Amino acid sequence: MAVAFSGATEWSSAVRADVETLWRFHRIDDELRPVDVAVGLGSHDGGVAVHTAELYHRGLFPLVVFTGANAPTTVERFPRGEAVHFREIALEHGVPDEAIRIETRATNTVQNIDHTRTLLAAEGITPRSVLIVSRPYQQRRAQAIAAHRWPGVDILCTGAPQDLATYVQHIGEPDRVATMLVGDTQRLDLQGRSGEIAPQQIPADVHAAYQRLIDAGYTGRLITPRTDAQR
């Protein structure tokens, strides 16, 4: 049996089940409360900026930093840089310009956090609480990185409140989503092993689903374990 998404490649039911397993594992979806600053992590998913705008209008934070340069997976969609485009999306959704900062150099999630800290420090801002807004399935790794790189700060994570099918229809590229999930699972494991973040416990069912997706060919975002984990 194949599972179809509008205008997109079909997944077999087995692949979809494995993607769903990774999707559920990587979501954190903390209970939201007011924080000092939000950080919108750049990616191929402009929905991050839309969700950030929605949360701003709920009064959850007075300031947002969008962070991200470009990557091979985003340059066609956001040619002027992820943070630049995310700012424009947020402005279109009613976030005032004075409430937005952009960080345009980061090319991986560690740099997203480090460069954002530097930007805020340059303005004399030392937040005690931060909300990380990311792709729904980037949350677990983003939280682990932020907790390690930004000690002493209360870190919350959120993503758009969509189920997998809705999200894939929004992105329109199911194989990209599957490949990115495999890549994030590998990076989470590698960074935990390297000491770049706290050691991570990958449940057996998640590891098995991850391996099956690799065997099925979803390998485009795998990296050789030699350098900083890429976004």
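Quick caveat: nothing in here was measured; it's all calculated off a predicted structure. Because only heavy atoms are used, hydrogens play no part in the values below, and waters and symmetry mates are left out as well, while side chains stay in.
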Criterion salt bridge (charged side-chain N to carboxylate O under 4.0 Å, His left out) on Arg80 and Glu88, from CA distance to verdict: CA-CA 11 Å; Arg80 289 177 289 110; Glu88 293 169 354; 2.8 Å; yes
Are there more than 12 heavy atoms of other residues, nucleotides or ligands under 6.0 Å from atom CZ of Arg193? no
Who pairs with Asp18 by side-chain contact (heavy atoms from CB on, under 4.5 Å), at least two apart in sequence or on another chain? Ala209, Arg212, Leu213
Under the criterion side-chain contact (heavy atoms from CB on, under 4.5 Å), I'd like the reasoning laid out for Phe61 against Asp36: C-alpha separation, chi angles, the key distance, then a yes or no. CA-CA 6 Å; Phe61 45 83; Asp36 295 329; over 6 Å; no
Measure the shortest side-chain to side-chain distance between Ile145 and Glu196 over non-hydrogen atoms and say whether it is less than 4.5 angstrom. no
From the options Leu156, Val130, Leu63, Ile132, select the one residue that forms a side chain to side chain contact (heavy atoms under 4.5 Å, CB included) with Val35. Leu156
Do Phe66 and Thr52 have side chains that approach each other closer than 4.5 Å (heavy atoms only, starting at C-beta)? yes
Is the shortest side-chain heavy-atom distance between Asp189 and His207 below 4.5 Å? no
Can you tell me if Asp29 and Gln139 form a side-chain donor-acceptor pair at under 3.5 Å? yes
With a 4.0 Å cut-off, would you call Arg33 and Asp154 a salt bridge? yes
Heavy-atom side-chain proximity of His26 to Gln138 below 4.5 angstrom: no
Identify the two heavy atoms, one from Ala178 and one from Val19, that lie closest to each other, and give their separation to 0.1 Å. CB-CG2, 3.8 Å
With a 4.5 Å cut-off on side-chain heavy atoms, are Val153 and Trp150 touching? yes
Glu20 and Arg16: salt bridge (charged side-chain N to carboxylate O under 4.0 Å, His left out), yes or no, with the steps? CA-CA 6 Å; Glu20 184 83 50; Arg16 191 196 189 287; 2.8 Å; yes
Does a salt bridge link Glu123 with Arg101, judged by any charged N lying under 4.0 Å from a carboxylate O? yes
Tell me whether Arg27 forms a cation-pi arrangement with Tyr137, defined as NZ or CZ under 6.0 Å from the six-membered ring centre and within 45 degrees of its axis. no
For Thr74 and Glu82, test the side chains for any donor-to-acceptor distance below 3.5 angstrom and give the result as yes or no. yes
Nearest-0.5 Å distance that lies between atom SG in Cys157 and atom CZ in Arg141: 11.5 Å
Look at the side-chain heavy atoms of Ile, Leu, Val, Met, Phe, Trp and Tyr, link any pair under 4.5 Å apart, and say whether Leu188 and Leu222 land in one connected group. yes
Taking all non-hydrogen atoms of both residues into account, name the closest pair between Phe86 and Gly46 and its distance. CE1-CA, 3.9 Å
Between Leu60 and Ile125, is there shared hydrophobic-cluster membership here, with clusters defined by ILVMFWY side-chain heavy atoms closer than 4.5 Å? no
Are side-chain heavy atoms of Val110 and Gln191 found at a separation under 4.5 Å? yes
Measure from the side-chain N and O atoms of Thr166 to the backbone N and O of Gln162, and report whether any donor-acceptor pair falls under 3.5 Å. no
Would a single hydrophobic cluster contain both Val48 and Val65, if residues Ile, Leu, Val, Met, Phe, Trp and Tyr are joined by side-chain heavy-atom contacts under 4.5 Å? no
What pairs with Thr126 under side-chain contact (heavy atoms from CB on, under 4.5 Å), at least two apart in sequence or on another chain? none
Do Ser43 and Met180 touch side chain to side chain, with heavy atoms closer than 4.5 Å? no
Measuring from Arg187:CZ to Thr109:OG1, what's the distance to the nearest 0.5 Å? 8.5 Å
Between Glu103 and Ala83, what is the shortest heavy-atom contact and its length? O-CB, 3.4 Å
Check: His115/Thr67 side-chain N/O donor and acceptor closer than 3.5 Å: no
Side-chain H-bond candidate by donor/acceptor type, His170 with Asp45, under 3.5 Å: yes
Heavy atoms of Leu120 and Pro127 approach each other most closely as CD1-CG, 4.2 Å
With heavy-atom distances below 4.5 Å as the criterion, would you say the side chains of Tyr56 and Pro62 are in contact? no
If you measure from CG on Asp175 to OH on Tyr218, what distance do you get to the nearest 0.5 Å? 4.5 Å
By side-chain contact (heavy atoms from CB on, under 4.5 Å), which residues pair with Pro79, not counting sequence neighbours? His85
Heavy-atom pair of closest approach, residues Asp30 and Gln143: OD2-NE2, 3.4 Å
Which atom pair, heavy atoms only, marks the closest approach of Ala69 to Thr107? CB-CG2, 4.1 Å
For Arg176, does its backbone N or O pair with a side-chain atom of His44 as donor and acceptor, under 3.5 Å? no
Here the gap from Leu190 atom CG to Thr185 atom OG1, rounded to the nearest 0.5 Å, amounts to 10.5 Å
So if you build clusters from Ile, Leu, Val, Met, Phe, Trp, Tyr with side-chain heavy-atom gaps below 4.5 Å, do Ile214 and Ile202 land together? yes
What do the steps show when you test Leu32 against Arg58 for side-chain contact (heavy atoms from CB on, under 4.5 Å), and what is the final call? CA-CA 10 Å; Leu32 298 178; Arg58 286 171 54 183; 4.1 Å; yes
Worked check of side-chain contact (heavy atoms from CB on, under 4.5 Å) between Val182 and Leu22: CA-CA 8 Å; Val182 169; Leu22 299 191; 4.3 Å; yes
Going by distance alone, is a donor N or O of one side chain under 3.5 Å from an acceptor N or O of the other, for Asp163 and Trp23? no
If hydrophobic clusters are built from ILVMFWY residues whose side chains come within less than 4.5 Å, do Val84 and Leu119 share one? no
Hey, what do you get for CG (Leu181) to CZ (Arg135), rounding to the nearest 0.5 Å? 8.5 Å
Among Val50, Val39, Thr158, Leu41, whose side chain to side chain contact (heavy atoms under 4.5 Å, CB included) with Val133 holds? Thr158
Less than 4.0 angstrom from a charged side-chain N to a carboxylate O is my criterion; do Glu92 and Arg87 meet it? no
